[in-house]
Amino acid sequence: MAVIAVREYENMMEKIFMHRVLTLFPNATTRKLLLMFIFILVFWVVYLASKDHTKFLFSLRSPVTLNQWNIFRKSIHPEASLDPAISPAETELRIKRIMEKLDQLIPPRPFTHVNTTTSASHSRVTILSPQDTYCRGDQLDILLEVRDHLGHRKEYGGDFLRARISSSALKAGASGKVTDFNNGTYLVSFTLFWEGQVSLSLLLIHPSEGVSALWRARNQGYDRVIFTGQFANGTSRVPSECGLILNSSAELCKYLDDRDQEAFYCVRPPRVPCDALTHVTTRNRNISYLRKEEWSLFHRSNMGVEMMKNFTSIEVLPCNQRKNIENKCQIGMKTPFPSGYTVKRKWITAFCNQIELNETKIINDCLKRKLIYLMGDSTLRQWIYYLQKVMKTLKYFDHHGTGIFKTHVLLDTERHILIQWKKHGHPFITKNLFSVKDENYIPREIDRVAGDSDTAIVITLGQHFRPFPIHIFIRRAINVQKAIERLFSRSPETKVILKTENTRGIYLNAEMFSDFHGYIQNLIMRDIFVDLNVGIIDAWDMTIAYGTNNAHPPDYVIGNQINMFLNYIC
């Protein structure tokens with residue numbers, strides 16, 4: 001009865017309101033204008049409320065958490081906003097939070113003298129719970145206590161280490177897992193994947209003081225690489241200085257992606273339009289942000305030093321029954337570390353049932369009617385070269401363009417297979433001239449893919465970002481993540497695979513290209529993409545296991561990366 005009375009009261013008030021409106025505004029046209037005004041007013045109030053509400057939600061986001069050389073995301077990342085006024089601010093907030101956590105992960109370690117840094121020969125390595133015999137599948141744990149060159153125990157961690165087991169006779173290898181207790185001790189864990197002789201290795205790549213110096217130096221400058229643009233001027237080309245940031249009083253050409261806030265600049269040549277930029281090339285600048293005394297940490301003799309050279313190999317017996325993994329390798333699986341191992345140069349995954357796809361017919365059946373887009377650097381271009389060599393049915397299509405970094409296309413018209421590789425956008429470091437007219441940032445390339453169940457995208461980022469401040473890489477990774485989310489919203493069945501960075505030579509220019517930079521970038525990628533339904537090809541893990549130490553590993557490594565990819569899409 002109370003509800004009925006309320007409804008009758010509301011109806012009565014509505015009639016009174018309408019009567020007063022008709023009395024005050026007898027003209028029909030006036031009443032229409034009044035209704036339009038009310039509608040606009042209501043819409044504006046709702047809009048302002050939603051803006052404030054969005055800002056309030058942003059204030060509740062919890063930060064990205066990184067701990068002991070591992071990134072664990074404790075909260076869901078903010079979703080990509082459709083409002084262009086909000087999206088850049090959201091991205092800046094995410095970049096800031098990740099940067100803050102990285103700074104906590106890599107605290108400053110003052111360097112006074114090389115004698116006070118970690119010494120491989122003075123540090124102590126102890127096998128925990130040693131056994132006379134070990135079985136395949138067992139875990140072997142090692143305690144590392146680091147000391148400096150004077151024999152003094154160090155009280156903090158942060159050393160960049162690389163653990164590996166291997167067998168030269170079996171051409172076998174696997175990564176070890178390092179846990180930093182941040183007090184000068186580390187737990188190094190090895191899974192004994194195969195039977196036979198196993199050698200143990202623990203390399204000191206950089207002491208914590210070197211890691212701190214690299215981190216500080218990386219985030220100080222953009223000018224370690226010189227970009228030279230080529231502007232077309234009639235039949236000639238005019239060179240000009242370019243870069244991600246330019247400190248110049250001259251007139252600049254600004255090539256800006258407004259949505260993703262990605263920018264590239266060139267000094268504008270006199271009487272030449274900015275649109276005339278056609279090609280770019282790069283070279284390294286002789287500049288360093290490391291202090292003079294810190295360079296001693298990056299001499300060849302102080303990098304990649306073995307900490308277990310006095311340990312003999314162990315014998316592993318087949319006393320444990322081999323466990324069969326039933327789950328097929330598929331998109332969305334979480335990959336552990338180590339994610340697998342190699343025996344006789346064959347990669348064997350440790351978390352899913354991997355099928356060996358090594359016959360031409362099987363691969364052709366797998367790729368039939370597939371559109372495959374490879375987006376990234378030359379370590380993915382290696383896939384194109386490998387597939388062309390082993391799959392004679394795939395024919396190279398000349399896409400025209402300049403040099404080895406033009407778009408590469410393989411076609412099989414009978415089976416309707418297309419495989420395409422395109423380089424990622426700036427920064428791209430190479431002495432070879434490359435065109436900028438047919439290139440795009442990866443997020444824009446993803447936006448152009450319609451997607452379906454027969455479409456696969458493989459992405460790799462990292463090597464070319466190492467010489468630049470880390471926020472450049474973080475922004476690109478976030479923009480790629482948003483593009484993948486847009487792709488999944490229109491085509492959730494499209495398959496996306498991330499290939500992590502390869503390791504590279506230990507003794508190259510450490511300030512620009514150390515694997516420490518790649519390691520941090522791999523952690524960032526895993527954190528940003530953790531909630532996406534993507535596949536992971538852990539090239540970092542694989543290249544450590546193979547012990548290649550080459551940015552462009554040999555064909556047997558590339559073949560195993562591709563086999564992992566085929567397991568994901570077929």
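Relative to the six-membered ring of Tyr441, Arg476 misses at least one condition, a distance below 6.0 Å or an angle of at most 45° to the axis. Relative to the ring axis of Phe405, Lys423 does not place its NZ or CZ within 45° and under 6.0 Å from the centre.
Taking the side chain as every heavy atom from C-beta outward, Leu394 and Leu411 never approach each other to under 4.5 Å. Trp421 has its side chain out of reach of Val409: every pair of non-hydrogen atoms, C-beta onward, lies at least 4.5 Å apart. Under the 4.5 Å side-chain criterion, counting only non-hydrogen atoms from C-beta, Met375 is not in contact with Gln420. Using a 4.5 Å cut-off on side-chain heavy atoms (C-beta onward), Arg162 and Thr503 make contact. Within the 4.5 Å cutoff, the side chain of Asp159 has no heavy atoms near those of the Val211 side chain. Under the 4.5 Å side-chain criterion, counting only non-hydrogen atoms from C-beta, Ile474 is in contact with Leu102. Contact annotation: the side chain of Leu192 approaches that of Ile314 to within less than 4.5 Å [non-hydrogen atoms, C-beta and beyond]. For the pair Thr455/Lys370, no side-chain contact is recorded, criterion being any heavy-atom separation below 4.5 Å from C-beta on.
Using a cut-off of 4.0 Å between Lys/Arg side-chain N and Asp/Glu carboxylate O, Arg475 and Glu262 are scored as not salt-bridged.
Using cut-offs of 30° and 60° for the angle between ring planes, the His426 and Phe227 rings count as perpendicular. The aromatic rings of Tyr519 and Phe160 sit tilted, their planes meeting at an angle between 30° and 60°. Using a 30° and 60° split on the angle between ring planes, His206 and Phe298 fall in the perpendicular class, above 60°. Between Tyr255 and Phe264, the ring planes lie tilted relative to each other; the angle falls in the 30° to 60° range.
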Checklist entry - Would Lys482 and Thr91 count as a side chain to side chain donor-acceptor pair (under 3.5 Å) if you check the C-alpha gap in whole Å, the side-chain angles of each, and the deciding distance to 0.1 Å? => result CA-CA 10 Å; Lys482 291 181 177 180; Thr91 299; 2.7 Å; yes
Next on the checklist: Run the side chain to side chain contact (heavy atoms under 4.5 Å, CB included) test on Lys395 and Asp412 for me, step by step, so that the C-alpha distance in whole Å, both residues' side-chain angles and the decisive distance to 0.1 Å come before the verdict.
Outcome noted: CA-CA 6 Å; Lys395 304 300 181 184; Asp412 182 338; over 6 Å; no
Next on the checklist: side chain to side chain contact (heavy atoms under 4.5 Å, CB included) for Ile528 and Ile98? Distances and angles first, verdict last.
Outcome noted: CA-CA 10 Å; Ile528 289 175; Ile98 293 175; 4.2 Å; yes
Checklist entry - Between Ile536 and Met333, does a side chain to side chain contact (heavy atoms under 4.5 Å, CB included) hold up when you go through it step by step? => result CA-CA 8 Å; Ile536 301 292; Met333 282 186 162; over 6 Å; no
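Side-chain N or O atoms of Ser313 include none that pairs as donor or acceptor with a backbone N or O of Ser199 at under 3.5 Å.
Each of Met512, Glu501, Arg466, Glu511 was compared with His517 under the side chain to side chain contact (heavy atoms under 4.5 Å, CB included) criterion, and only Arg466 meets it. For the side chain to side chain contact (heavy atoms under 4.5 Å, CB included) criterion with Pro467, the lone passing option out of Ile472, Ile429, Asp223, Asn284 is Ile429.
No close placement of the Trp347 and Tyr341 rings is indicated, their centers lying 6.0 Å or farther apart. Two rings, from His399 and His408, have their centers 6.0 Å or more apart.
Legend: disulfide (SG to SG under 2.5 Å) pairs involving residues 525-570, not counting sequence neighbours, sorted by first then second residue: Cys366-Cys570.
At a cut-off of 3.5 Å, with distance as the only test, a side-chain donor of Thr430 or Asn432 sits close to an acceptor on the other residue. If you check the side chains of Thr335 and Asp538, you find no donor sitting under 3.5 Å from an acceptor.
Other residues, nucleotides and ligands place no more than 12 heavy atoms under 6.0 Å from the CZ atom of Arg369.
With sequence neighbours left out, the ring-ring contact (aromatic ring centres under 6.0 Å, His included) criterion links Tyr556 to Tyr546.
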